[in-house]
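Reviewing the structure listed below.
The structure presented is a predicted model; accordingly, all values stated were derived computationally and were not measured.
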Amino acid sequence: MYDYDLLVVGSANADLVIGVERRPAAGETVLGSDLAVHPGGKGANQAVAAARLGASTALLARVGDDGHGRLLLDSLRSAGVDTVGVLVGGAPTGVALITVDPSGDNSIVVSPGANGRLTPEDVRAAGSLFHASRVVSAQLEIPLETVVAVAASLSPDSRFVLNPSPPRPLPAVLLAACDPLIVNEHEAKVILGDSAIGDDPEDWARILLAKGPRSVVVTLGAEGALVASRDGVSRVASVKVDAVDTTGAGDAFTAALAYRLGTGASLEEAAAYAARVGAAAVTKEGAQVSFPTAEEVDAL
């Protein structure tokens, strides 16, 4: 028996968000809206998104002993996330500086802070969390060697989901553990590197799969997603909504997919559900505050 449907290992940030009419060019200053502060970070986002959907969720992360850290812990606990694995101290809480334009597109700069101090030793010390978790997900807003340690700490029957964001080349041992590797267009091209060919997402998915993951999901925004495994490549349709703010949508997608895989859904079924969750998330402003409940997803 597992205590957790999903263990998320990753970042926890305070999102500092400003709305702009357009993003500034180099050397240019533009005026924006009032500053809004939201709990965020890809790890915390995924944990909150899964918990909102009803998943029994835990987070392994590090925050600072400061106001932003307390904001994050309060948000996680109010969503129902078990914070036993959230370590406190060592550096200020990570911060993401986000600008959002009228179309809902965003640009983000991240100061890792305490996220950069989450170490392989922290992962190994949390072995009981890994053995109690059906699915483990991670991202790349924490050190790469820590993510490699996550893949090495999985219990024999656990499934590992990785969204390599922000993207960088990945070692073969990490790629081999992914089931699935979840990437958007930009992330796919960075990981493919010299292997990238053309503009056909089906080709990206096949080449990524050949690099070692057990399965691959390529998210395509309004065009839906692609799912690739040894059984072939299939397309998952998008859900049409009026986007307000895309911040956190990819995290909501990843969390929903990881959770549904743990319930026994096929990769295609999990990706279709995740597309609906991601669509619901972009209809509201912010990251964690925009994540839907299972009932809201069903009503979409």
(request) Please indicate whether Asp34 has more than 12 foreign heavy atoms, meaning atoms of other residues, nucleotides or ligands, lying under 6.0 Å from its CG. (result) no
(message) Run Val84 and Leu129 through side chain to side chain contact (heavy atoms under 4.5 Å, CB included) and show every step you take.
(response) CA-CA 9 Å; Val84 66; Leu129 281 177; 4.0 Å; yes
Tabulate below the donor-acceptor pairs under 3.5 Å that side-chain atoms of residues 163-173 make, not counting sequence neighbours, or state none.
unit_1	atom_1	unit_2	atom_2	d
Asn163	ND2	Ile182	O	2.9
Asn163	ND2	Glu187	OE1	3.2
Ser165	OG	Glu187	OE2	3.2
Arg168	NH2	Leu140	O	2.7

(request) Dump the intermediate steps for side chain to side chain contact (heavy atoms under 4.5 Å, CB included) on Val95 and Leu16, then the final yes or no. (result) CA-CA 7 Å; Val95 172; Leu16 310 184; 3.5 Å; yes
(message) Is a donor from one side chain sitting under 3.5 angstrom from an acceptor on the other, for Asp122 and Thr119?
(response) yes
(message) Could you check whether Thr293 and Arg52, counting side-chain N and O atoms only, form a donor-acceptor pair closer than 3.5 Å?
(response) no
(message) Please tell me whether Asp157 and Ser155 have a donor and an acceptor in their side chains that are separated by less than 3.5 angstrom.
(response) no
(request) Count the heavy atoms of every other residue, nucleotide or ligand shown that sit under 6.0 Å from CD of Glu21, and state whether that count exceeds 12. (result) no
Run the side-chain donor-acceptor check on residues 106-114: report pairs under 3.5 Å with partners two or more places apart or on a different chain.
unit_1	atom_1	unit_2	atom_2	d
Asn106	ND2	Thr246	OG1	3.0
Asn106	ND2	Thr247	OG1	3.3
Ser107	OG	Arg23	NH1	2.6

(message) List the residues meeting salt bridge (Lys or Arg N to Asp or Glu O under 4.0 Å) with Asp105, not counting sequence neighbours, and say none if there are none.
(response) none
(request) Name all residues meeting the side-chain hydrogen bond (donor to acceptor under 3.5 Å, both in side chains) criterion together with Ser56; count only those two or more places apart in sequence or in a different chain, and write none if there are none. (result) none
(request) Provide the full list of side-chain hydrogen bond (donor to acceptor under 3.5 Å, both in side chains) pairs with a residue in residues 216-237, sequence neighbours left out, each pair given once. (result) Glu202-Arg235
(request) Please examine the side chains of Leu6 and Tyr4, heavy atoms only from C-beta on, and report whether any two atoms are closer than 4.5 Å. (result) no
(request) Determine whether Leu226 and Leu220 make a side-chain contact, defined as any pair of heavy atoms from C-beta on separated by less than 4.5 Å. (result) yes
(request) Show the numbers, then the answer: is there a side chain to side chain contact (heavy atoms under 4.5 Å, CB included) between Val297 and Tyr273? (result) CA-CA 9 Å; Val297 176; Tyr273 181 75; 3.7 Å; yes
Got a list of side-chain donor-acceptor pairs under 3.5 Å for residues 141-149, not counting sequence neighbours?
unit_1	atom_1	unit_2	atom_2	d
Glu141	OE1	Ser11	OG	2.4
Glu141	OE1	Lys42	N	3.1
Thr146	OG1	Leu118	O	2.6

